Amino acid sequence: MKTRSSLIGISIIVAALLATASAHAELKTESVTYDVNGESFTGYFAYDDEVSGKRPGILVVHEWWGHNTFARKQAERLADMGYTAFALDMYGSGKVAQHPDDAMAFMKAAMSNPDAVEARFMAAMSVLQKHPTVNPDQIAAQGYCFGGGVVLNMARRGVDLAGVVSFHGSLAAASTAEPGTIKPRIQVYTGGDDSFVPADQVGAFVTEMQTAGAALELVSYPGVKHSFTSPGADALGKQFDMPLAYNAEAAEDSWDRTGRFYDELFGQED
């Protein structure tokens with residue numbers, strides 16, 4: 001019969017083994033600086049070192065505020081799902097807005113040259129593809145607000161991605177997609193009460209995607225406003241008198257659907 005002291009000893013050993021396993025399965029994060037046409041940009045890697053071998057990589061494109069904590073958090077959530085995520089930078093190192101006027105200025109400057117936007121996206125995509133944990137042939141991209149518009153425009157431009165996901169992103173087209181040009185499967189999550197993405201814009205986008213022959217799934221959440229995935233949206237909306245609001249139900253549903261979408265794309269179903 002085991003004595004109480006021997007049971008305690010076994011418990012200590014088990015606890016030590018669990019602690020070692022926990023330490024091994026660590027979320028790895030890293031900020032990296034890269035150049036695009038002589039300008040500095042700062043991105044953020046996140047991946048789980050317990051996942052063996054090369055895995056799909058997912059680009060995360062930030063809201064109009066810039067490369068901030070929210071964007072990095074989304075990369076970490078994707079790492080928890082087994083992917084290597086790279087939260088890229090579309091504005092340039094240090095350009096993070098605290099006020100809507102600054103965010104608008106950064107966004108307008110970036111969007112004024114669609115070729116420059118593509119160059120910045122493709123540079124970040126190359127950084128992700130070269131990461132030692134990533135299968136360079138399995139790349140997807142997701143974006144929020146401004147970033148949602150960016151990933152959709154990359155699809156319109158024929159960028160070779162497995163899939164793109166837009167969360168409360170602009171659906172308006174700088175240039176309409178031509179039939180047969182869109183390569184990735186597309187998912188769009190939008191709020192039914194999003195004044196930045198009104199119903200006529202949603203309808204025009206669906207028509208555009210149908211004409212282009214894109215594989216599209218669009219979910220509209222009734223009564224949901226802009227920035228519904230961001231827990232800080234309510235405070236920002238109140239501070240700057242903007243129609244923003246976090247919606248936990250829509251945020252959770254869109255995230256769950258996105259996870260299933262990536263499982264289907266990359267064959268990682270249980």
Side-chain angles (χ1 to χ4, degrees), residues 27-47 57-80 84-128 131 141-154 164-170 174 194 196-197 225-246 251 255:
L27 180 69
K28 300 292 187 181
T29 62
E30 178 187 8
S31 292
V32 297
T33 300
Y34 56 101
D35 291 339
V36 185
N37 296 326
E39 186 176 355
S40 174
F41 294 81
T42 300
Y44 181 82
F45 273 112
Y47 62 96
I58 301 175
L59 294 162
V60 178
V61 190
H62 54 75
E63 298 179 287
W64 74 333
W65 304 104
H67 177 98
N68 58 12
T69 302
F70 176 75
R72 293 191 290 273
K73 177 63 177 177
Q74 306 319 301
E76 291 171 3
R77 295 177 74 191
L78 289 165
D80 286 338
T84 293
F86 186 57
L88 58 79
D89 178 7
M90 292 300 296
Y91 291 164
S93 295
K95 293 182 179 179
V96 180
Q98 304 298 326
H99 191 281
D101 290 347
D102 295 326
M104 180 63 75
F106 289 153
M107 184 179 72
K108 283 186 174 180
M111 298 300 289
S112 64
N113 186 341
D115 290 338
V117 171
E118 183 174 353
R120 293 175 183 184
F121 183 89
M122 296 304 294
M125 182 171 166
S126 178
V127 171
L128 175 61
H131 194 274
Q142 66 186 53
Y144 300 78
C145 183
F146 157 77
V150 169
V151 299
L152 292 174
N153 282 330
M154 294 304 100
V164 300
V165 182
S166 170
F167 299 91
H168 43 84
S170 171
D194 186 340
F196 294 101
V197 189
K225 297 184 182 296
H226 194 65
S227 292
F228 62 82
T229 65
S230 175
D234 292 318
L236 288 169
K238 183 177 181 180
Q239 181 180 358
F240 298 114
D241 192 25
M242 298 175 67
L244 312 176
Y246 174 64
W255 187 260

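Remember, it's a predicted structure, so these values are computed and weren't measured experimentally.
- Annotation: side chain of Phe196 is in contact with side chain of Leu244 (closest heavy-atom distance under 4.5 Å).
- Between His168 and His226, the two ring planes are perpendicular [angle over 60°; tilted spans 30° to 60°].
- Taking 4.5 Å as the limit, every side-chain heavy atom of Leu88 sits out of range of all side-chain heavy atoms of Val60.
- Taken from OG in Ser227 to CG in Asp194, the straight-line distance is 7.5 Å, to the nearest 0.5 Å.
- Taken to the nearest 0.5 Å, the OG atom of Ser166 stands 10.0 Å off from the CG atom of Asn153.
- In this structure Ser230 satisfies the side chain to side chain donor-acceptor pair (under 3.5 Å) test with no other residue, sequence neighbours excluded.
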- Mind running side-chain contact (heavy atoms from CB on, under 4.5 Å) on Leu236 and Trp65 for me, showing each step along the way? CA-CA 11 Å; Leu236 288 169; Trp65 304 104; 3.9 Å; yes
- Message: Using side-chain contact (heavy atoms from CB on, under 4.5 Å), reason through Met111 and Val117 one step at a time and then give a plain yes or no.
- Response: CA-CA 7 Å; Met111 298 300 289; Val117 171; 4.2 Å; yes
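- Counting only heavy atoms from C-beta outward, the side chains of Gln142 and Leu59 never approach each other to under 4.5 Å.
- Counting only residues at least two apart or in different chains, salt bridge (charged side-chain N to carboxylate O under 4.0 Å, His left out) contacts with residues 29-43 comprise Glu39-Lys95, Glu39-Arg120.
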- Message: Pair Phe45, Lys28 - check side-chain contact (heavy atoms from CB on, under 4.5 Å), show working.
- Response: CA-CA 8 Å; Phe45 273 112; Lys28 300 292 187 181; over 6 Å; no
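- Across every non-hydrogen atom of Ser93 and Thr33, the tightest pair is OG-CG2, 4.5 Å.
- Residues Val36 and Ala123 approach most closely at CG2-CB, 3.5 Å, considering heavy atoms.
- For Asp89, the side chain to side chain donor-acceptor pair (under 3.5 Å) test picks out no residue, with sequence neighbours left out.
- For His67 and Tyr91, the distance between ring centers is not under 6.0 angstrom.
- A centroid separation of less than 6.0 Å is found between the aromatic rings of Phe146 and His62.
- The aromatic rings of Tyr34 and Phe86 sit tilted relative to each other, their planes meeting at an angle between 30° and 60°.
- Sorted by first and then second residue, the side-chain hydrogen bond (donor to acceptor under 3.5 Å, both in side chains) pairs with a member in residues 102-113 form an empty list; sequence neighbours excluded.
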Counting only pairs under 3.5 Å, give me each side-chain donor-acceptor contact of residues 71-79, with atom names and distances, residues two or more places apart or in other chains.
| unit_1 | atom_1 | unit_2 | atom_2 | d |
| --- | --- | --- | --- | --- |
| Arg72 | NH2 | Thr69 | OG1 | 3.3 |
| Gln74 | OE1 | Arg77 | NH1 | 3.2 |
| Gln74 | OE1 | Tyr144 | OH | 3.4 |
| Gln74 | NE2 | Phe70 | O | 3.2 |
| Glu76 | OE2 | Tyr44 | OH | 2.5 |

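- Between Ala119 and Asn37, the closest heavy-atom pair is CB-ND2, 4.3 Å.
- The two atoms that bring Val164 and Val151 nearest to each other are CG1-O, 3.9 Å, heavy atoms only.
- Put simply, the side chain of Thr84 reaches to within 4.5 Å of the side chain of Leu128, judged on heavy atoms.
- Taking the salt bridge (Lys or Arg N to Asp or Glu O under 4.0 Å) definition, one finds that Asp101 meets it with nothing, sequence neighbours left out.
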- Task: Please test Thr229 against Trp255 for side-chain contact (heavy atoms from CB on, under 4.5 Å), starting from the C-alpha separation and ending with a verdict.
- Result: CA-CA 9 Å; Thr229 65; Trp255 187 260; over 6 Å; no
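- Of all the heavy atoms in Phe240 and Gln98, the pair that sits closest is CZ-O, 3.3 Å.
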